[in-house]
2 protein chains.
Amino acid sequence: MVKLKKDATTEEKILAAAQKIFVKKGMAGARMQEIADEAGINKAMLHYYFRNKEMLFEMIFRQSAQKLFPRLNIIFESDAPLFEKIEKFVSEYIDVIRENPYLPMFVLGEMNRNPEGFYKKMKYEFDFPKPDRFLQQIKKDAKEGKIKPIRPPQLLMNIISGTIFPFMARPMFQMHIGLSDAQFMEFIDQRKTEYARFIIDAIKK
Amino acid sequence: MVKLKKDATTEEKILAAAQKIFVKKGMAGARMQEIADEAGINKAMLHYYFRNKEMLFEMIFRQSAQKLFPRLNIIFESDAPLFEKIEKFVSEYIDVIRENPYLPMFVLGEMNRNPEGFYKKMKYEFDFPKPDRFLQQIKKDAKEGKIKPIRPPQLLMNIISGTIFPFMARPMFQMHIGLSDAQFMEFIDQRKTEYARFIIDAIKK
DNA sequence: GTCTATAATTTGATAGAC
DNA sequence: GTCTATCAAATTATAGAC
């Protein structure tokens, strides 16, 4: 069962349990009974509080997407110089995901299965951090010769790929390279500083 | 319906249909009825040929993993110099995934949901390309001063991340950056050459 | 081998007592 | 608000004719 403060309301218990189950199994794979068990209550309560599975799922998905995306603000809405921004983003974002390792697979997986659906909803739900400023900064730095020429969206994708993907590919990677769980954690720890350095080496003149 | 040569056997039709549906919806989200419809036959045939959903799924998963992984041989089992290898891998692997854009999400997603299960099976099913030689090559090139010092597994992860992740993050990326489908394809096309260059810039002295 | 019809099971949802 | 018991729908699986 999910651990929460002892006086957690039933609604909180349900949300915590649903988060755990949905994120691990996805919308299609999650079972209402399993969520109820995880929350330590019975199935009827789920419907009492959230009407049906779809509404409960949407609540969790929204909550999850918010956990995952707004962190992009680190990189999008700061005034720091480019290299500093990259270092901070990689390090902090890896920490966020380490706390919620299944989150990217869940959010991106569900978005892949139902792209239109989320586009409409999320567009209005919470204001997305807009990458425009960051892309402009890259363009400017390149034009001024501070970094090698590179298309801004490509660089943005490179930064995010190397930060998130290792968690999504974890089972494959551990199996291929032959890493224990502890060794994988060490690998991730190294990455917190080394990946930003790698990026910077690629673009600095 | 899936397009196949006209004289495809029923078994082939089923496999092609199941591949399409499972890869898009995952084990939990796929419906036997939908697979049957896609194959242009009836549900009973699925059970006649593959006994049950789980066995059909395993067949497809194995087939999918084989499509995805053995391509790693490009990078693992060649004698070419490092930079050449990287260029070839990025370009060819992007092409493979472009033909099967849902494949990585499917394979990695199912592996995440059931890591132990696949570890045992796949270990014996087909011999995995072993990364040892490639990792050694990186180590050697670094020691000889041909490239900047870098931990080999980190470099390997960087190469793969930037190649595969863009496809998994496609809906999120198009939404955030505001790209049309055509623009995304163009983005991927650029990537075929530019990402290898990016990597090489990061490690060359 | 292939089909239709149907059984069996799983699972989301509700009724109604407390 | 919370529970038990139950229903209804969806979905996997099988029986049996051709």
Side-chain angles (χ1 to χ4, degrees), chain A residues 1-64 106 109-110 113-114 117, chain B residues 1-64 106 109-110 113-114 117:
Chain A
M1 270 185 28
V2 183
K3 278 185 196 166
L4 287 176
K5 55 183 193 297
K6 210 179 172 188
D7 60 336
T9 66
T10 299
E11 189 169 340
E12 286 167 341
K13 284 188 214 161
I14 293 175
L15 284 171
Q19 164 88 17
K20 181 173 167 186
I21 303 297
F22 273 129
V23 166
K24 199 179 337 186
K25 311 230 167 150
M27 167 64 176
R31 296 288 159 251
M32 295 295 266
Q33 185 60 59
E34 197 178 356
I35 293 172
D37 294 345
E38 180 72 35
I41 49 135
N42 69 70
K43 237 185 349 172
M45 288 283 91
L46 302 181
H47 292 88
Y48 178 79
Y49 279 96
F50 297 94
R51 186 135 192 112
N52 58 35
K53 186 182 179 183
E54 200 180 321
M55 288 188 185
L56 180 53
F57 170 78
E58 283 198 15
M59 200 72 97
I60 297 303
F61 180 82
R62 212 166 286 152
Q63 196 175 287
S64 300
F106 171 62
E110 298 294 340
R113 290 198 170 74
N114 185 359
Chain B
M1 272 188 23
V2 184
K3 277 186 194 165
L4 287 176
K5 57 182 192 292
K6 210 178 173 189
D7 60 337
T9 66
T10 299
E11 189 171 338
E12 285 168 341
K13 283 188 213 161
I14 294 175
L15 284 171
Q19 163 88 17
K20 181 172 167 186
I21 302 299
F22 272 129
V23 166
K24 199 179 336 184
K25 311 228 167 151
M27 165 64 177
R31 295 289 160 253
M32 295 294 266
Q33 184 62 57
E34 198 179 354
I35 294 172
D37 294 347
E38 180 74 34
I41 48 137
N42 69 71
K43 239 186 345 173
M45 288 283 90
L46 302 182
H47 291 89
Y48 178 78
Y49 278 96
F50 296 95
R51 183 132 193 115
N52 59 33
K53 187 182 179 184
E54 201 181 321
M55 287 188 186
L56 180 54
F57 170 78
E58 283 199 16
M59 201 71 97
I60 297 302
F61 180 82
R62 213 165 287 152
Q63 195 175 286
S64 300
F106 171 62
E110 298 293 342
R113 289 197 171 76
N114 185 359

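Order of the sequence lines fixes the chain letters, A, B, ..., with proteins taken first and strands second; residue numbering starts at 1 for each chain. Quick caveat, the model's predicted, so the values are computed rather than measured.
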TODO: Find out whether A:K25 and A:E34 are in side-chain contact, i.e. whether some heavy atom of one side chain is under 4.5 Å from a heavy atom of the other.
DONE: yes
Open item on the list: If I take atom NZ from residue A:K13 and atom OG1 from residue A:T10, how far apart are they, to the nearest 0.5 angstrom?
Closed with: 5.0 Å
TODO: Output the distance between atom OG1 (A:T9) and atom CD1 (A:I14), rounded to the nearest 0.5 Å.
DONE: 8.5 Å
Task: Spacing between B:I35 atom CD1 and D:dA10 atom P, to the nearest angstrom - done: 19 Å
Would you tabulate the nitrogen or oxygen pairs shorter than 3.5 Å linking the protein to nucleotides 10-13 of chain C?
| from | atom 1 | to | atom 2 | distance (Å) |
| --- | --- | --- | --- | --- |
| C:dT11 | OP1 | A:R31 | NE | 2.7 |
| C:dG12 | OP1 | A:A30 | O | 3.4 |
| C:dG12 | OP1 | A:R31 | NH1 | 3.1 |
| C:dG12 | OP1 | A:K53 | NZ | 3.2 |
| C:dG12 | OP2 | A:M32 | N | 3.0 |
| C:dG12 | N7 | A:K43 | NZ | 3.4 |
| C:dA13 | OP2 | A:H47 | NE2 | 3.3 |
| C:dA13 | OP2 | A:K53 | N | 2.8 |
| C:dA13 | N6 | A:K43 | NZ | 3.0 |

Open item on the list: What's the separation between atom CZ in B:F50 and atom CE in B:M59, rounded to the nearest 0.5 Å?
Closed with: 5.0 Å
With 3.5 Å as the limit, what N/O pairs link the protein to nucleotides 16-18 of chain D?
none

Open item on the list: I want to check one thing: is the phosphate of C:dC3, taken as OP1 and OP2, less than 4.0 Å away from some side-chain N or O of B:N42?
Closed with: yes
Task: Reported CG-to-CD distance for the pair A:L46 and A:E11, which is rounded to 0.5 angstrom - done: 11.5 Å
Task: N or O in side chain of B:Y48 less than 4.0 angstrom from D:dT14 OP1/OP2 - done: no
Open item on the list: If I take atom CE from residue B:M27 and atom CG from residue B:N114, how far apart are they, to the nearest 0.5 angstrom?
Closed with: 10.0 Å
TODO: Figure out the CG/P separation between B:L46 and D:dA15, and round it to whole Å.
DONE: 17 Å
Task: A:F22 ring center within less than 6.0 Å of A:F57 ring center - done: yes
Open item on the list: How many whole angstroms separate atom CE of A:M45 from atom P of D:dT2?
Closed with: 5 Å
Task: Identified salt bridge (Lys or Arg N to Asp or Glu O under 4.0 Å) counterpart of A:E38 within the set A:K24, A:K20, A:K43, A:R31 - done: A:K20
Open item on the list: Assess, by modelled atom type and distance only, whether the side chains of A:D37 and A:Q33 contain a donor and an acceptor separated by less than 3.5 Å.
Closed with: yes
- [ ] Please work out if B:F50 contacts a base, only the sugar-phosphate, or nothing of the nucleic acid, heavy-atom cut-off 4.0 Å.
- [x] nothing
TODO: Using whole Å, report how far CD1 of A:I41 lies from P of D:dT4.
DONE: 11 Å
- [ ] Quickly work out the B:M27 CE to D:dT11 C1' distance and round it to whole Å.
- [x] 12 Å
